Amino acid sequence: MGDLEPPATVTTTTPPRRIGILGGTFDPVHIGHLRGALEVADALALDELRLTPSARPPHRDTPQVSAQDRLAMVECAVAGVAPLVVDARELQRDKPSYTIDTLELMRAELAVDAQVFLLLGWDAFCGLPTWHRWEELLQHCHILVLQRPDADSEPPDALRNLLAARSVSDPLALKGPSGQIAFVWQTPLAVSATQIRQLLASGKSVRFLVPDAVLAYIDAHGLYRASN
Ligand code: ATP
């Protein structure tokens, strides 16, 4: 018998998972949300981008249709569209949807090295200092600010120091699980849920503004029509 070679030690290192989060009322979800989410997911090579419908949004009016209907529409919209997925946890809480709570819950389920990216439009980012425990957000995630090429507004003073200390110019250079801010330049499609609700309330078509499966759900449940 010849000498037996010891088995080669194979060490595999799995890269950290990259998870994006896009919160919203999704009343209803539309192609602006979906196309924007997909572009960010592709540009940042995300493993998963979680669309997270909010239950009772702290910053805005009560949604026009039920949480169940908004959730069902987002589910229809992302079915089979990897890496977009739905995260329904904010609808399962009987409390206002605070992003910090959602992040803490998600973090508790993820590996410590997972990278979490919170997607925020520029307007939402500027409103950050009014959010519940906003100064703790970066302990749990990076923030990706979706900036429009034509936006020219200045950030509020409360965010200037934070931006100076935490922003990096290249979103692909965001390192580690959390703690930094980067801008992603995006030309949004000129679509809003407000516009879609108005079209439906006046009996007009929203075809091609929402995925066909969402339109079918809206029609089947008579959502947003003037009689609702
Ligand atoms: P509403 O018209 O009811 O205010 P909305 O269309 O802005 O709704 P939200 O559910 O409030 O939709 O949006 C959730 C997130 O999606 C926000 O971060 C928002 O900036 C982003 N978003 C909304 N519309 C677009 C769009 N057309 N393109 C890219 N992102 C969008």
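Below, each value reflects all heavy atoms present in this structure, side chains not excepted, and no hydrogens, waters or symmetry copies. All values derive from a computational prediction rather than experimental measurement. Atoms within each ligand, like the ligands themselves, are counted from 1 in listed order. Numbers for residues simply follow the sequence, beginning at 1.
The closest approach between a heavy atom of Arg35 and any atom of ligand 1 is not below 4.0 Å. Using a 4.0 Å cutoff on heavy atoms, Gly36 does not count as a contact of ligand 1.
Residue Ile181 is tested with Leu144, Leu163, Leu120, Leu159 for a side chain to side chain contact (heavy atoms under 4.5 Å, CB included); the sole match is Leu163. Applying side-chain hydrogen bond (donor to acceptor under 3.5 Å, both in side chains) to Glu90 and the options Thr52, Thr99, Thr102 leaves one that passes, Thr102.
When each atom of ligand 1 is checked for a heavy atom of Ser192 under 4.0 Å away, the hits are 2 (O), 6 (O). Atoms of ligand 1 found under 4.0 Å from any heavy atom of Thr194, numbered from 1 in the order shown, are 1 (P), 2 (O), 3 (O), 4 (O). Ligand 1 places these atoms under 4.0 Å from at least one heavy atom of Ala193: 1 (P), 2 (O), 3 (O), 5 (P), 6 (O), 8 (O). The contact set between ligand 1 and Arg197, taken as ligand atoms under 4.0 Å from a residue heavy atom, comprises 3 (O). Listed by number with element, the atoms of ligand 1 under 4.0 Å from a non-hydrogen atom of Phe26 are 10 (O). Below 4.0 Å from some heavy atom of His30 lie the following atoms of ligand 1, by number and element: 6 (O), 24 (N), 25 (C), 27 (N).
The shortest N/O to N/O separation between Leu189 and ligand 1 falls below 3.5 Å. Residue contacts with ligand 1: Asp27 is placed with no nitrogen or oxygen under 3.5 Å of a nitrogen or oxygen of the ligand (distance criterion only). Close N/O approach between Val191 and ligand 1 is found [any backbone or side-chain N/O within under 3.5 Å]. Backbone and side-chain nitrogen or oxygen atoms of Gly24 are examined, and none is located within less than 3.5 angstrom of a nitrogen or oxygen of ligand 1. Taking any N or O of Gln186, backbone or side chain, none lies under 3.5 Å from an N or O belonging to ligand 1.
Panel note: side chain Gln186, backbone Gly36; a donor-acceptor pair is recorded below 3.5 Å. Using a distance-only test at 3.5 Å, with no hydrogens or angles considered, a donor-acceptor pair links the side chain of Arg166 to the main chain of Gly179. Between the side chain of Gln180 and the main chain of Lys175, a donor-acceptor pair closer than 3.5 Å is present.
Between Glu154 and Arg160 there is a salt bridge, with a side-chain nitrogen of the basic residue lying less than 4.0 Å from a carboxylate oxygen of the acidic one. Ion pair Arg148/Asp123 not flagged as a salt bridge, since none of the NZ, NE, NH1 or NH2 atoms sits closer than 4.0 Å to an Asp/Glu carboxylate oxygen. Using a 4.0 Å cut-off between charged nitrogen and carboxylate oxygen, Glu109 and Arg107 do not count as a salt-bridge pair. Contact check on Glu136 versus Arg133 returns a salt bridge, with a Lys/Arg side-chain nitrogen under 4.0 Å from an Asp/Glu carboxylate oxygen.
The salt bridge (charged side-chain N to carboxylate O under 4.0 Å, His left out) test applied to Asp212 returns Arg207, not counting sequence neighbours.
In this structure, of Pro28, Ala190, Gly32, Ala37, the residue bringing a heavy atom nearest to atom 28 (N) of ligand 1 is Gly32. The residue among Ala124, Gly23, Ser54 with a heavy atom at the shortest distance from atom 17 (C) of ligand 1 is Gly23.
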